[in-house]
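Notes follow once the structure below has been shown.
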Amino acid sequence: MLKSLKTYQLLFLRLILILAGIEFSIYLHKIKFVFAPIFGFLIVFFMIVELYFYVKNIILLYDKTISSIIQNDFTSDFSKHKSSKNDLFQLYDILKNKQNEQISKDIIYTSILNNIETGIIILQKQENDWDIFLMNDYFSSHFNVPKFSKWKYLKNQLPALCEIIDKDDFQEIKTAIDISINEQNLQTFVLQASRTVIFERDYYIVLLDSIQNVVEKKEKDAWINLMKVISHELLNSITPIRSICQNLQDLVEQDSLSTEDLEDIKNSVETMLRRSDHLQKFVEGYRKLAMLPSPKKQKLELKDLVNNSLDIMEPMFKKENIEIVNSISRHYSITVDPQQMEQVLINLLTNSINALQKINQKQIFISAEAKENRTFIKIADNGNGIEKEIENKIFLPFFTTRNEGAGIGLTLSKNIIEAHGGYINYKNENEKTVFEICLIED
């Protein structure tokens, strides 16, 4: 404990002085001095008392430091003792800094948990009962419950939630539950719960996400995006048409029309027809997405379906000098709507053709694989790929990077595959742009 060199030196010096004082007083007594030895022994007595209080203060200081560490209390200030370079004070400062850092992290983490729109409650096992270790603000406010410290109190407020957790004996859960909020209509939540042991302490973490909130937010975002697209397309067509109509009105109000005026009228009508055709195609594309008929499924060979699509696209492949690498050799039976699936393949092949416009050696790769009850169809090309910034937008309605594109091909393909109970995704694989279709057989 008394590891400081300075402390050793001061103690050693005091002991030497006391011993020297005693020896000197004895010497004075031997040479027959009367009062000098008494005075010397008084000085030695006061030196011993001073040594006692010096050692006592050191021990009390160390005891206070150790007690602060044990009790996790770092409010004391030992900065004036830092000059001693004692290991105990250095340990105190290290632990104090670690505690301050941990407190800062706890405040940040708690702030994050309190600001996310997910109900979170963490339980801690105490003997045979559970205490509420943490309840975030969203959980407390959304379910209108105080921040209880005991699990048993929460049971009275949210019996539907607590009964499910109790029934599964606080084990891992992932399910949907209906909970009544403020005695209003039932709301559906996704319940995810997990159990973990940290430093021999048992914790149970419960997450609650409102399905309604997620769906409403997605719907709102979808409507906003759709309105932006529709208003953009309508304005792009209506604004020039209105301007042309105003110009035509000015021309027909003239007393006579020159050859140049007639030419302007002709060009204006042609422009109006072009914009009207574009608007008509846009509306038809929207109708295709909104009124997609249910698939009329029948069992057929994937190889035949792919070959039919390739035959349809053959003139375009020849025109663009594109090599088709079709590695589907096995027989894969799939249950799909032939017309709709053919449309999907044509859309994906058309996308590949457009992606290969600036490539010298143009190649499209078609492959398939069956795993359990799933059939995977891949259409890949060695084009420039899709920019990272727009990867999450390619399946949005009317989103396109081509001036002449309608932006419904991939959206329509996605809707068709999902109507068949499958899914379609995009990825980069071996420097190729790959669209993968997954069909699930019942």
Side-chain angles (χ1 to χ4, degrees), residues 63-77 91-214 217:
D63 283 345
K64 182 180 179 182
T65 308
I66 294 170
S67 177
S68 296
I69 293 173
I70 292 172
Q71 296 176 15
N72 206 26
D73 177 14
F74 296 97
T75 57
S76 301
D77 184 12
L91 174 63
Y92 179 86
D93 286 338
I94 290 170
L95 293 176
K96 182 178 180 179
N97 291 333
K98 283 186 175 295
Q99 190 201 51
N100 291 339
E101 183 180 347
Q102 187 60 47
I103 290 172
S104 300
K105 287 181 179 178
D106 290 343
I107 292 172
I108 293 170
Y109 295 153
T110 303
S111 177
I112 293 171
L113 291 175
N114 284 330
N115 283 282
I116 61 177
E117 293 185 357
T118 297
I120 301 174
I121 183 168
I122 302 175
L123 309 177
Q124 185 183 50
K125 187 76 176 286
Q126 297 291 348
E127 296 180 355
N128 295 324
D129 200 2
W130 290 87
D131 288 344
I132 296 178
F133 178 77
L134 181 142
M135 180 191 295
N136 73 337
D137 290 346
Y138 182 84
F139 189 101
S140 178
S141 60
H142 193 74
F143 296 103
N144 194 26
V145 295
K147 292 193 174 183
F148 296 120
S149 60
K150 294 289 184 181
W151 171 251
K152 59 185 178 182
Y153 300 143
L154 188 63
K155 289 182 181 180
N156 298 327
Q157 298 285 332
L158 293 172
L161 169 65
C162 299
E163 283 173 8
I164 290 178
I165 294 173
D166 280 335
K167 182 180 177 182
D168 287 331
D169 194 25
F170 294 88
Q171 297 304 314
E172 187 171 331
I173 302 171
K174 189 170 184 180
T175 185
I177 63 170
D178 294 326
I179 300 177
S180 178
I181 309 297
N182 297 329
E183 298 182 355
Q184 296 177 359
N185 294 333
L186 290 174
Q187 289 188 24
T188 304
F189 294 85
V190 175
L191 167 63
Q192 296 183 78
S194 60
R195 192 167 176 171
T196 184
V197 177
I198 304 173
F199 297 121
E200 298 182 358
R201 286 192 174 272
D202 208 353
Y203 293 93
Y204 192 69
I205 304 165
V206 180
L207 306 177
L208 280 170
D209 279 315
S210 172
I211 291 177
Q212 278 86 346
N213 289 346
V214 174
K217 186 177 184 303

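Start at 1 with the first residue, then count along the sequence.
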Next on the checklist: For Asp169, is there any backbone N or O sitting under 3.5 Å from a side-chain donor or acceptor partner on Gln171?
Outcome noted: yes
Checklist entry - Angle class for the Tyr138/His142 ring planes (parallel below 30°, perpendicular above 60°, tilted otherwise)? => result parallel
Checklist entry - Do the side chain of Ser140 and the main chain of Val145 share a donor and acceptor less than 3.5 angstrom apart? => result yes
Checklist entry - Out of curiosity, Trp130 CH2 to Ile165 CD1, how far, rounded to the nearest 0.5 Å? => result 10.0 Å
Checklist entry - Side-chain contact, heavy-atom cut-off 4.5 Å: Asp202 with Gln126? => result no
Checklist entry - side chain to side chain contact (heavy atoms under 4.5 Å, CB included) between Leu123 and Phe133: does it pass, once the steps are laid out? => result CA-CA 5 Å; Leu123 309 177; Phe133 178 77; over 6 Å; no
Checklist entry - CZ of Phe148 to CD of Gln157: how many Å apart, nearest 0.5 Å? => result 4.5 Å
Checklist entry - Measuring from Ile132:CD1 to Lys152:NZ, what's the distance to the nearest 0.5 Å? => result 11.5 Å
Checklist entry - If you measure from CD1 on Ile122 to CG on Asn136, what distance do you get to the nearest 0.5 Å? => result 8.5 Å
Checklist entry - Could you state the interatomic distance from CD (Gln124) to CG (Leu134), rounded to the nearest 0.5 Å? => result 11.0 Å
Next on the checklist: Going by ring-ring contact (aromatic ring centres under 6.0 Å, His included), name the residues that satisfy it together with Tyr109, two or more places apart in sequence or in a different chain.
Outcome noted: none
Checklist entry - Can you tell if the side chain of Cys162 reaches within under 4.5 Å of the side chain of Leu154, non-hydrogen atoms only? => result yes
Checklist entry - What do the steps show when you test Thr196 against Tyr204 for side chain to side chain contact (heavy atoms under 4.5 Å, CB included), and what is the final call? => result CA-CA 6 Å; Thr196 184; Tyr204 192 69; over 6 Å; no
Checklist entry - Any sub-3.5 Å donor-acceptor pair from Ser111's side-chain atoms to Ile107's backbone N or O? => result no
Item to check | Salt bridge flag under 4.0 Å for residues Lys155 and Asp166 | outcome: yes
Next on the checklist: Ignoring hydrogens, what is the shortest heavy-atom contact between Ile179 and Phe143? Give both atom names and the distance.
Outcome noted: CD1-CE2, 4.0 Å
Item to check | Stepwise side chain to side chain contact (heavy atoms under 4.5 Å, CB included) check, Ile121 with Phe139 | outcome: CA-CA 7 Å; Ile121 183 168; Phe139 189 101; 4.1 Å; yes
Checklist entry - Is it true that Lys150 and Asp129 have a side-chain N and a carboxylate O under 4.0 angstrom from each other? => result no
Checklist entry - Does the side chain of Ile177 come within less than 4.5 Å of Thr175's, by heavy atoms? => result yes
Item to check | Pair Phe170-Trp151, ring pair (Phe, Tyr, Trp, His ring centres under 6.0 Å): steps then yes or no | outcome: CA-CA 12 Å; Phe170 294 88; Trp151 171 251; 5.6 Å; yes
Checklist outcome for this item: When rounded to the nearest 0.5 Å, the distance separating CG of Leu191 from NZ of Lys174 is 11.0 Å
Next on the checklist: For Lys147, is the NZ atom crowded, meaning more than 12 foreign heavy atoms sit under 6.0 Å from it?
Outcome noted: yes
Checklist entry - Would you call Val190 and Leu208 a side-chain contact if the rule is heavy atoms closer than 4.5 Å? => result no
